[in-house]
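A quick write-up on the structure given underneath.
Letters A, B, ... are given to chains in the order of the sequence lines, protein chains preceding strands, and every chain is numbered from 1. What you see below is based on every heavy atom in this structure, not just the backbone, and it leaves out hydrogens, waters and symmetry mates.
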There are 2 protein chains.
Amino acid sequence: MSHVGYYCLMAVDRDHVLRSAAALLTHKATATLDEVARAAGISRATLHRHFAGREALVRALEALGIEECEAALDAARLEDGPAADAVRRLVRELEPAAGLLSFLYTENQLFEGEEQNEGWARLDERISALFRRGQLSGEFRIDLTPAWLTEALFGLIASGAYVVLSGRVAPKDFHHMIAELMLGGALRTESAEEPRNEES
Amino acid sequence: MSHVGYYCLMAVDRDHVLRSAAALLTHKATATLDEVARAAGISRATLHRHFAGREALVRALEALGIEECEAALDAARLEDGPAADAVRRLVRELEPAAGLLSFLYTENQLFEGEEQNEGWARLDERISALFRRGQLSGEFRIDLTPAWLTEALFGLIASGAYVVLSGRVAPKDFHHMIAELMLGGALRTESAEEPRNEES
DNA sequence: CCCACGTGAGACATCAATGTCTCATTGCAG
DNA sequence: CTGCAATGAGACATTGATGTCTCACGTGGG
């Protein structure tokens with residue numbers, strides 16, 4: 001029996017469809033299921049065999065986004081070294097998921113319902129813990145709450161993805177823009193704090 | 001003839017409807033036209049007499065948002081004094097429009113079409129000019145482009161409106177959160193730069 | 001009083017997206 | 001070769017939002 005091949009094929013196809021959908025919906029959130037299917041190179045019927053409907057597709061994208069974020073958090077080793085460096089690693093690791101996050105960010109369907117994926121709360125908590133650690137160690141200012149810093153980080157990542165997508169900023173500047181604005185702000189400082197970077 | 005009364009009544013009603021719609025759509029972007037009408041205290045028929053359809057309504061909201069932003073920019077006197085203070089004034093003036101901006105920000109219908117309101121470009125240009133002025137005067141760092149700083153400011157305002165709406169941050173902290181993160185970043189600095197504020 | 005006007009309520013048609021079905025085709029394994 | 005499984009194409013019904021219409025009501029001015 002070919003069950004092994006069957007499952008494997010479905011899995012890889014499902015993932016491919018999901019990523020195509022993410023790429024399309026990122027810059028056209030109202031795309032038709034037919035357009036989503038075409039973008040993935042399959043028919044609407046097959047798309048419907050993978051995902052019961054638009055709702056299910058969006059939920060799957062949400063799960064994928066959460067999964068990628070958690071992988072990024074793991075890879076960034078948020079507990080190691082200076083908190084500021086951890087933030088830089090985090091932004092770097094989060095970059096591949098930025099487009100998907102930008103889409104999910106605008107899909108407020110996900111948050112207005114009664115039950116929302118608890119994965120977001122887990123992510124929020126882990127990132128908030130990083131900012132809290134930085135505050136306790138004296139690296140970060142204490143007048144901005146970890147909750148706000150976390151939300152602002154997501155907001156800046158979404159903005160960064162959008163501005164890169166629109167072509168106004170080069171993709172290679174993504175990390176630097178976000179991490180350095182997040183950490184150092186727009187003001188120029190005398191302390192040799194952030195001037196070192198790989199810009200341009 | 002009662003034309004004066006007629007026009008006046010229509011104008012005030014239209015504005016009231018627009019603001020009710022903005023408030024509702026801000027936290028439920030997919031609200032039905034019927035819900036929008038109820039929120040404004042009128043019937044769907046009357047709503048349709050004011051705005052030809054959802055498209056027209058969103059366009060009107062866009063125009064309102066741009067109008068309020070331009071008024072905020074005027075009131076903030078971006079050309080006066082230190083650029084950092086101008087940014088603080090700008091955030092303060094922009095706060096009343098934050099919810100509406102947050103809605104428009106996620107309504108990517110407005111930007112994917114071929115023709116988009118040139119008001120956004122004007123606003124972008126004026127705010128970019130402020131950041132450019134700050135860079136030329138030595139106040140702002142030059143490794144972050146004015147275009148990115150402008151986009152980031154809008155992103156932070158949208159994030160701030162969202163986080164206030166969700167109740168995780170008090171409305172009174174809105175200015176401080178956004179302006180100080182935008183200017184100073186998360187890092188704690190020795191230079192007596194931003195510690196003075198009206199926090200808590 | 002009487003009329004004009006704005007309004008609310010609702011009926012009705014329309015339209016786009018979607019859910020569901022069938023059927024022919026393709027490709028692959030036995 | 002033969003049959004199974006997945007697919008693509010398309011027909012069809014459904015659903016929800018929307019556009020459009022009519023009609024009765026009430027209110028304010030002449």
Rounded distance in Å - [atom1] ([X]) to [atom2] ([N]):
X: A:L57; N: C:dA17; atom1: CG; atom2: P; value: 16 Å
X: A:F51; N: C:dG19; atom1: CZ; atom2: C1'; value: 17 Å
X: A:D34; N: C:dG19; atom1: CG; atom2: P; value: 13 Å
X: A:R49; N: C:dT20; atom1: CZ; atom2: P; value: 13 Å
X: A:E55; N: D:dG16; atom1: CD; atom2: P; value: 14 Å
X: A:L47; N: C:dT18; atom1: CG; atom2: P; value: 10 Å

What residues form a side-chain contact (heavy atoms from CB on, under 4.5 Å) with A:S20, not counting sequence neighbours?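 Partners of A:S20 under the side-chain contact (heavy atoms from CB on, under 4.5 Å) test: A:H16, A:A40.
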What residues form a side-chain contact (heavy atoms from CB on, under 4.5 Å) with A:R77, not counting sequence neighbours? A:D80, A:R89
Using rotation axes that map the C1' atoms of four end pairs onto the next four (five pairs an end), what angle separates the end axes of the helix from C:dC1-D:dG30 to C:dG30-D:dC1, to 10°?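 Rounded value for the end-axis angle: 0°.
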For DNA chain D, the residues among residues 35-44 of chain A that have a non-hydrogen atom under 4.0 Å from it: A:G41, A:I42, A:S43, A:R44
Residues in ring-ring contact (aromatic ring centres under 6.0 Å, His included) with B:F140, at least two apart? B:F131
Is the shortest side-chain N/O distance from A:R54 to OP1 or OP2 of C:dT18 below 4.0 Å? yes
Stepwise, does the side-chain hydrogen bond (donor to acceptor under 3.5 Å, both in side chains) test hold for A:E125 with A:S128? CA-CA 5 Å; A:E125 178 46 39; A:S128 290; 5.2 Å; no
Hey, are B:R88 and B:E180 close enough for a salt bridge, meaning a charged N less than 4.0 Å from a carboxylate O?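 Salt bridge: yes.
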Qualifying ring-ring contact (aromatic ring centres under 6.0 Å, His included) pairs with a residue from residues 51-89 of chain B, counting only residues at least two apart or across chains: none
Proximal nucleotide (of C:dG19, D:dT20, D:dT22) relative to the B:H48 side chain: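 Among C:dG19, D:dT20, D:dT22, the one nearest the side chain of B:H48 is D:dT20.
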In terms of hydrophobic clustering (I, L, V, M, F, W, Y; side-chain heavy atoms under 4.5 Å; direct or indirect links), are B:L104 and B:L33 co-clustered? yes
Assess, by modelled atom type and distance only, whether the side chains of A:Y105 and B:S159 contain a donor and an acceptor separated by less than 3.5 Å. yes
Rounded distance (nearest 0.5 Å) linking atom OG1 of B:T46 with atom CZ of B:R44: 11.0 Å
